[in-house]
Amino acid sequence: MRYETIHNQRIPKIGFGTWAIGGQTSADPVDDERSLGALHSALELGYTHFDTAEFYAAGHAEVLLGKAIREHGLARAELFITSKVSPEHLDYDNVLRSCTNSLRRLGMDYLDLYLIHWPQAGMKLEESFRALNQLVREGKVRYLGVSNFNLKLLTKAVSLCETPLFTNQVSYSVPDRTVVDNGVLEYCQQNDVLLTAYSPVLRRNIKSNPTLRAIAQSRGVTHFQVALAWLTTQPRVITIPMSFNPQHQAENLQAADLILSETEMEQLGRIMK
Ligand SMILES: NC(=O)c1ccc[n+]([C@@H]2O[C@H](COP(=O)([O-])OP(=O)(O)OC[C@H]3O[C@@H](n4cnc5c(N)ncnc54)[C@H](OP(=O)(O)O)[C@@H]3O)[C@@H](O)[C@H]2O)c1
């Protein structure tokens with residue numbers, strides 16, 4: 001596994017997303033066995049960064065993640081756990097309450113990273129960061145970040161964060177270059193903010209793209225691995241694919257070790273523009 005080191009913290013280039021673990025917008029315990037199976041195989045394969053949120057399955061994803069980690073028996077210090085506060089909880093009291101609830105559901109006493117899940121019209125970022133900074137001072141959270149923030153909001157968050165803002169988690173993939181076009185990627189790379197790419201392989205056209213197919217064939221890997229390697233080859237970029245399938249989980253993890261050449265990066269950079 002390759003790592004990105006930022007603000008003296010090492011974080012794997014590939015982590016594990018937990019959207020759809022335990023349900024979607026509400027808890028769906030009928031599927032718990034499948035969800036726990038996916039988390040156990042991810043832990044077994046060596047994933048150490050897990051991305052979750054109070055929003056995922058209305059908190060049930062955090063419950064299952066905590067359970068799988070306890071059952072697996074890996075030391076807390078070996079893991080990097082990210083969770084997120086939902087936009088309707090961004091006032092001071094609710095930020096503190098949401099974090100307490102996430103920790104309780106996970107069965108943990110700190111989060112490695114806590115993010116504002118997405119911005120809300122009319123939100124008072126000063127108030128949110130008053131609570132978020134307090135969580136860091138109290139040792140409940142190690143690093144703070146944001147998600148789905150445009151450049152203007154990102155620079156505001158950087159200025160309000162008492163510690164270096166760790167990440168902006170955004171949609172970024174071969175077919176989705178929004179963060180290139182809106183300046184977010186460049187800002188992150190120039191200002192030591194990690195860019196965490198979500199939905200890295202979600203779009204169907206990953207599979208049908210001829211450039212991806214040609215590179216995958218020449219490297220003896222899958223389209224999905226090339227799409228992930230295109231992200232992880234970039235400085236200051238990590239990604240968090242999600243899969244229920246142990247074979248896919250293993251392939252995704254291995255993609256971090258695939259370093260694409262400048263020519264391959266350029267070829268991929270030219271497609272889907
Ligand atoms: N901050 C935000 O607003 C936000 C938004 C969206 C997502 N996220 C986070 O980012 C994570 C990842 O994003 P995502 O779940 O939207 O999309 P994704 O990881 O890009 O795609 C997941 C889908 O791709 C399939 N897949 C994964 N690896 C594969 C492989 N090697 N070969 C074939 N199919 C593969 C999975 O199916 P199988 O199960 O069959 O493998 C699943 O259907 C989420 O779980 C969540 O933690 C954050």
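We use all heavy atoms of the structure for the numbers below, so side chains are in, but hydrogens, waters and symmetry mates are not. One-based numbering, in listed order, for ligands and for the atoms of each. Since this is a predicted model, take the numbers as computed values, not measurements.
In this structure, atom 17 (O) of ligand 1 lies nearest to the protein heavy atom Ser199 CA, 3.3 Å. Summary of contacts: the protein heavy atom closest to atom 38 (P) of ligand 1 is Ser243 OG, 3.5 Å. Scanning the protein for heavy atoms near atom 24 (O) of ligand 1, the closest one is Val201 CG2, 3.8 Å. Ranking the protein heavy atoms by distance from atom 31 (N) of ligand 1 puts Asn252 OD1, 2.8 Å first. Looking only at protein heavy atoms, the nearest one to atom 45 (O) of ligand 1 is Trp19 N, 3.0 Å. The nearest heavy-atom contact from the protein to atom 21 (O) of ligand 1 is Leu202 CD1, 3.5 Å. Given atom 47 (O) of ligand 1, the protein heavy atom at minimum distance is Asp51 OD2, 2.7 Å. Among protein heavy atoms, the minimum distance from atom 19 (O) of ligand 1 is reached at Met242 N, 2.8 Å.
Cluster membership for Phe149 and Val184, using ILVMFWY side-chain heavy atoms within less than 4.5 angstrom, is shared. One hydrophobic cluster holds both Phe16 and Leu65 under the rule that ILVMFWY side chains link at heavy-atom gaps under 4.5 Å.
Between Leu151 and Asn182 the shortest side-chain heavy-atom distance does not fall below 4.5 Å. Between Val170 and Ser147, the closest side-chain pair of non-hydrogen atoms is not below 4.5 Å. With contacts defined as side-chain heavy-atom distances shorter than 4.5 Å, the pair Met1/Leu253 qualifies.
Taking every heavy atom of Asn148 and a limit of under 4.0 angstrom, the matching atoms of ligand 1 come to 1 (N), 2 (C), 3 (O). Here is the list of ligand 1 atoms found below 4.0 Å of a heavy atom in Gln169: 1 (N), 2 (C), 4 (C), 8 (N), 9 (C), 48 (C). Remark: ligand 1 atoms within the under-4.0 Å shell around heavy atoms of Ile240 are 9 (C), 10 (O), 11 (C), 12 (C). Atoms of ligand 1 found under 4.0 Å from any heavy atom of His117 (numbered from 1 in listed order, with element): 1 (N), 2 (C), 3 (O). Close approach of ligand 1 to Pro200 (heavy-atom distance below 4.0 Å) involves ligand atoms 18 (P), 19 (O), 20 (O). Within the listing of ligand 1, atoms 4 (C), 8 (N), 9 (C), 46 (C), 47 (O), 48 (C) sit less than 4.0 angstrom from a heavy atom of Tyr56.
Using a 30° and 60° split on the angle between ring planes, Tyr56 and His117 fall in the perpendicular class, above 60°. Note on ring orientation: taking the six-membered ring where Trp is involved, the planes of Phe55 and Trp19 are parallel (angle under 30°, cut-offs 30° and 60°).
For atom 43 (O) of ligand 1, no protein heavy-atom neighbour is present inside the 4.0 Å cut-off. Within 4.0 Å of atom 28 (N) of ligand 1, at least one protein heavy atom is present.
Contact annotation for Thr52 and ligand 1: no heavy atom of the residue comes within less than 4.0 Å of the ligand. In Ser147, the part holding a heavy atom less than 4.0 Å from any atom of ligand 1 is the side chain.
With 3.5 Å as the limit, one finds no donor-acceptor pair spanning the side chains of Asn245 and Ser243. A side-chain N or O of Arg142 and one of Gln9 form a donor-acceptor pair less than 3.5 Å apart.
When the options Tyr198, Phe244, Phe50, Phe55 are ranked by their closest heavy atom to atom 4 (C) of ligand 1, first place goes to Tyr198. Of all the listed residues (Gln254, Gln249, His248), His248 holds the heavy atom that lies closest to atom 40 (O) of ligand 1.
Of the polar atoms of Pro241, none of the N or O atoms is found under 3.5 Å from an N or O of ligand 1, judged by distance alone. For ligand 1, none of its N or O atoms has an N or O atom of Lys84 under 3.5 Å away.
Taking a cutoff of 4.0 Å between a charged side-chain nitrogen and a carboxylate oxygen, Arg76 and Asp112 qualify as a salt bridge. Between Lys84 and Glu62, no side-chain nitrogen of the basic residue sits less than 4.0 Å from a carboxylate oxygen of the acidic one, so the salt-bridge criterion is not met.
Using a 4.5 Å cut-off between side-chain heavy atoms of Ile, Leu, Val, Met, Phe, Trp and Tyr, Ile240 falls into a hydrophobic cluster with Tyr198.
Residue Val201 is tested with Val174, Leu228, Thr222 for a side-chain contact (heavy atoms from CB on, under 4.5 Å); the sole match is Leu228.
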